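Here is the structure we will look at.
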Amino acid sequence: VVSNAQLFDNLVEDLFQNLTAARDDLTNPQMWPSDYGEELLTQRWPIAHDYIVVGAGNAGSVVASRLSENPNVSVLVLEAGGDPPSLSEVYILSNLLQKTEYSWNDYAEPNPTSCKAMKDGRCFWLRGKMISGTAGINGNVFLVGRPSDYDEWQSQGNPGWSWENIQEYFVKATRDESTESEPKGSLVVNNYLRPEAFYTLRNLLENATEEVEMGYESKSLGFKHDILGTVDRGRRMSTGKTYLGKVARHRKNLHVAKNAVVRKILFNGKQKAAGVEVLLGNNKILRIQARKEIILSAGTFNSPQILMHSGIGPCGNLRKFKIPCIRNLAVGQNLQDHGMMSMTYRFTKNIPNLEQGDSVENTFQYLIYQNGSLASNPNLVGFINSQASQNLQNKSDVMIVSGIDQPTRESNVFEFLQFREELVEKFLELAENQTTLQLQGLLIKPKSRGYIKLKYPEFGKGPEIHNNYASVEEDRQTLLRYVRFVRSLEKTEVFHHFGLEYIRVPLPECDVHEFDSDDYWYCYIRYFMISAWHAAGTCKMGPSSDPSAVVDSELKVHGVKGLRVIDASIMPNITSGNTNGPTIMIAEKGAQMILDDLARD
Ligand SMILES: Cc1cc2nc3c(=O)[nH]c(=O)nc-3n(C[C@H](O)[C@H](O)[C@H](O)COP(=O)(O)OP(=O)(O)OC[C@H]3O[C@@H](n4cnc5c(N)ncnc54)[C@H](O)[C@@H]3O)c2cc1C
């Protein structure tokens, strides 16, 4: 007979077990591939696989999953990181992974036109270092871009990349063709769960923009649009999970080595990429052969670095490090990012309710029901055309990511974005413990271009990065129009209703200009235009006649055999919106081209 006291103890025990099981499920190793690293170490030279994929990030996970659908080829994936931690799953908290073992963290050179508000005036570049790559740390926003983005790619000498051609790969990505015995990779996209404050924010911005008669862009753009995310009930759905993890333990021909840092590509003479040199577990260097091809999917900063360390890049820069130059290509040039610029307000009246329960309640909701504030995305994405107040389809030039927040010393947007300490202090003081509204403006089609080059002779310490945001006058003018748009909202009834006051942090260099003059804002742009972390373009796709091209339209590196780059770095021009979705499309198309070549052989 169970006494009442025991009954209660049993209930508590049950609860405890359920919570523990739900927590363990967040980091369940079965979601990820097993580690092939140990086994690689026991193998004798020559170790060989048909395809070597460098990087199990957003693109690499798709490529490896698709290639290994063919049981007749062997695929080896080499990933510098390990499995994602549970923090990566709770995507709303994953920004806490910056500057940990799960991220690559690089700082750009100080730049006269941007990032002056950052520590040491250096733009900060964050990427994921784990299975899933940056898709394990990003905001999960899923956007496709505009048809004209891809038509532009095609018109630059890249047949097969027009909108008409590439759409099928977005469609293919979303088709789950798994059977019970044979899982297949696919993209998982859903609506975000939204907290109460999101609806306040949406109404606020919709009404304010209507008051100033700012046109919305069609139904896929504009503040009325509720974007999709690579999420499922508050859990992250990265390609590392839904393409690679899902299939890896079912396929004998697919192996993934973790904590495996590829340092360079090895060539057979000057013509054929024959293998890679990899540092395994920090102390073992292995050489692994690729019988068919090597696919670089190490991302916009690391793919070009690996190429340069292997002798493919601007010969002048390589010679400086005594690296024999195999091919003189514009590797590392054409660095692009939307960049973003914050403007922050504080609510002084009718302050939105951000009450979200305490952390115990939130954690319980998240673990047991997969809802609540830890499962919800409070940010709103909108697009405007800063040049016109008309409803101009596909003509927006600024993307606005907005959020309502209660800044604290421990957690505030200035700190997260790594602004200088004195600015963080001033921001907190001026916010006066009030709820704030942040409006981050991103340039949809930035004209400025940066570059990276080698800084050290060996892979691992990071490249020399030059962001060059807002170095082109056209970008500065668009940013100024964005500022004017935001300032125009201050006159609306909606902004008055909430008593929204602009938080103006002191900037001695800018404060010599009259506040709100063009000169003041141009100076402000130099301080607050910072990375949006949508890096693209450093291994540009283009014909061999284009001196700035690194890969051809089949993503093969010009002038050598057996080597492709498949990741965000191949974009000739950045797409109009976040880059994760377009990178998945690139990976789907790239994998198909490899399989088509194989079928022809
Ligand atoms: C904080 C943040 C938020 C973002 N939010 C969004 C968003 O909401 N929506 C969106 O669309 N985009 C977003 N992005 C951008 C988007 O995530 C990237 O464009 C996309 O992930 C790029 O994919 P990739 O395959 O090119 O590179 P990655 O996903 O970075 O993959 C590269 C992989 O290669 C591995 N690697 C690197 N070097 C080596 C080596 N030498 N040897 C072995 N492995 C190596 C890395 O560890 C990594 O796993 C965000 C980015 C950041 C940083």
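Excluded from the calculations below are hydrogen atoms, water molecules and symmetry mates; all remaining heavy atoms, backbone and side chain alike, are included. Bear in mind the structure is a predicted one, so any value in this text is a computation, not a measurement. Numbering of ligands and ligand atoms starts at 1, following listing order.
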Identify which of G460, S569, G133, P582 has a heavy atom lying nearest to atom 48 (C) of ligand 1.
-> G133

Which atoms from ligand 1 have a heavy atom of L78 less than 4.0 Å away?
-> 43 (C), 44 (N)

What about T300: any of its N or O atoms under 3.5 Å from an N or O on ligand 1?
-> no

Between K172 and Q592: side-chain donor-acceptor atoms closer than 3.5 Å | yes

In plain terms, say whether K447 and D475 are close enough for a salt bridge, that is, a side-chain N and a carboxylate O under 4.0 Å apart.
-> no

Flag if over 12 foreign heavy atoms under 6.0 Å of CD, Q43 = yes

Considering residues at least two apart in sequence or located in another chain, which fulfil the side chain to side chain donor-acceptor pair (under 3.5 Å) criterion with E89?
-> R235, K241

Using a heavy-atom cut-off of under 4.0 Å, does the side chain or the backbone of N302 touch ligand 1, or both, or neither?
-> side chain

Return the residue, atom name and 0.1 Å-rounded distance of the protein heavy atom closest to atom 31 (O) of ligand 1.
-> G57 CA, 3.3 Å

Under a 4.0 Å N-O cut-off, is there an ion pair linking R127 with D106?
-> yes

How close do R236 and S94 get, heavy atom to heavy atom, and via which atoms?
-> NH2-OG, 2.8 Å

Within-cut-off N or O pair, N138 and ligand 1, under 3.5 Å = yes

Between E109 and K455, does at least one N-O distance fall below 4.0 Å, as a salt bridge requires?
-> yes

Where ligand 1 meets V261 - atom numbers and elements under 4.0 angstrom, heavy-atom basis = 41 (N), 42 (N)

Return the orientation label for the F459 and H309 ring planes: parallel under 30°, perpendicular over 60°, tilted otherwise.
-> perpendicular

Thinking salt bridges, do R564 and E293 make one under a 4.0 Å N-O criterion?
-> yes

Under 3.5 Å, N or O to N or O, is K129 touching ligand 1 that way?
-> no

For ligand 1, which part of M130 has a heavy atom less than 4.0 Å away: the side chain, the backbone, both, or neither?
-> backbone

What about A568: any of its N or O atoms under 3.5 Å from an N or O on ligand 1?
-> yes

Less than 3.5 Å between some nitrogen or oxygen of F459 and one of ligand 1, yes or no?
-> no

Ligand 1 contact on I306 by region, counting heavy-atom pairs under 4.0 Å | side chain

Is it true that the NZ or CZ of K246 lies under 6.0 Å from the centre of W32's six-membered ring and within 45 degrees of the ring axis?
-> no

Nitrogen or oxygen of A56 less than 3.5 angstrom from that of ligand 1 | no

Find the distance between CG (N317) and SG (C325) and round it off to the nearest 0.5 Å.
-> 9.5 Å

When the ring planes of Y469 and W125 are compared, do they come out parallel, tilted or perpendicular, using 30° and 60° as the limits?
-> tilted

If you have a sec, work out which protein heavy atom is nearest atom 44 (N) of ligand 1 and how many Å separate them, to one decimal?
-> A80 N, 3.1 Å

At a non-hydrogen distance cut-off of under 4.0 Å, which region of S297 contacts ligand 1 (side chain, backbone, both, or neither)?
-> backbone

Hey, is ligand 1 close enough to A535 that some N/O pair sits below 3.5 Å?
-> no

When distances are taken from atom 20 (C) of ligand 1, the protein heavy atom at minimum range is N580 OD1, 3.4 Å

N or O pair under 3.5 Å between N58 and ligand 1 = yes

Nearest heavy atom to atom 25 (O) of ligand 1, choosing from A257, A59, G581, belongs to A59

Would you say the side-chain atoms of D552 pair up with the backbone N or O of L555, donor to acceptor, closer than 3.5 Å?
-> yes

Examine N578 against ligand 1 and note whether any of their N/O atoms are separated by less than 3.5 Å.
-> yes

Under a heavy-atom criterion of less than 4.0 Å, does F142 contact ligand 1?
-> no

Return the residue, atom name and 0.1 Å-rounded distance of the protein heavy atom closest to atom 47 (O) of ligand 1.
-> E79 OE2, 2.7 Å

Element-labelled atoms of ligand 1 that are located less than 4.0 Å from some non-hydrogen atom of G139 | 3 (C), 4 (C), 5 (N), 6 (C), 7 (C), 8 (O)

Proximity to ligand 1 by part of V141, non-hydrogen separation under 4.0 Å | both

What's the shortest distance from atom 19 (O) of ligand 1 to any protein heavy atom, and which residue and atom give it?
-> T579 OG1, 2.7 Å

Using a strict 4.0 Å cut-off to heavy atoms of G55, name the atoms of ligand 1 that fall inside it.
-> 34 (O), 35 (C), 44 (N)

Classify the side-chain pair S342/Q440 by whether it contains a donor and acceptor separated by less than 3.5 Å.
-> yes

Could you list which atoms of ligand 1 come closer than 4.0 Å to a heavy atom of L126?
-> 1 (C), 53 (C)

Within a reach of under 6.0 Å around NZ of K119, are more than 12 heavy atoms found that belong to other residues, nucleotides or ligands?
-> yes

Carboxylate-amine/guanidinium proximity below 4.0 Å for E101 and K129 = no

Below 3.5 angstrom, do we get any N/O pair linking V262 and ligand 1?
-> yes

Nearest protein heavy atom with distance in Å, relative to atom 46 (C) of ligand 1 | W104 NE1, 3.4 Å

Any chance the rings of F528 and F419 have centres within less than 6.0 Å?
-> yes

min-distance protein heavy atom vs atom 27 (O) of ligand 1 -> G299 CA, 3.7 Å

Specify side chain, backbone, both or neither for A260, according to which of its non-hydrogen atoms lie closer than 4.0 Å to ligand 1.
-> backbone

Around atom 1 (C) of ligand 1, find the nearest protein heavy atom and jot down its residue, atom name and distance.
-> W533 CE3, 3.3 Å

Could you tell me whether D397 and K445 make a salt bridge, using a distance below 4.0 angstrom between a side-chain N and a carboxylate O?
-> no

How does V278 reach ligand 1, if at all, at less than 4.0 Å between non-hydrogen atoms: by side chain, backbone, both, or neither?
-> neither

Please work out whether the ring planes of F416 and W533 are parallel, tilted or perpendicular, with thresholds of 30° and 60°.
-> perpendicular

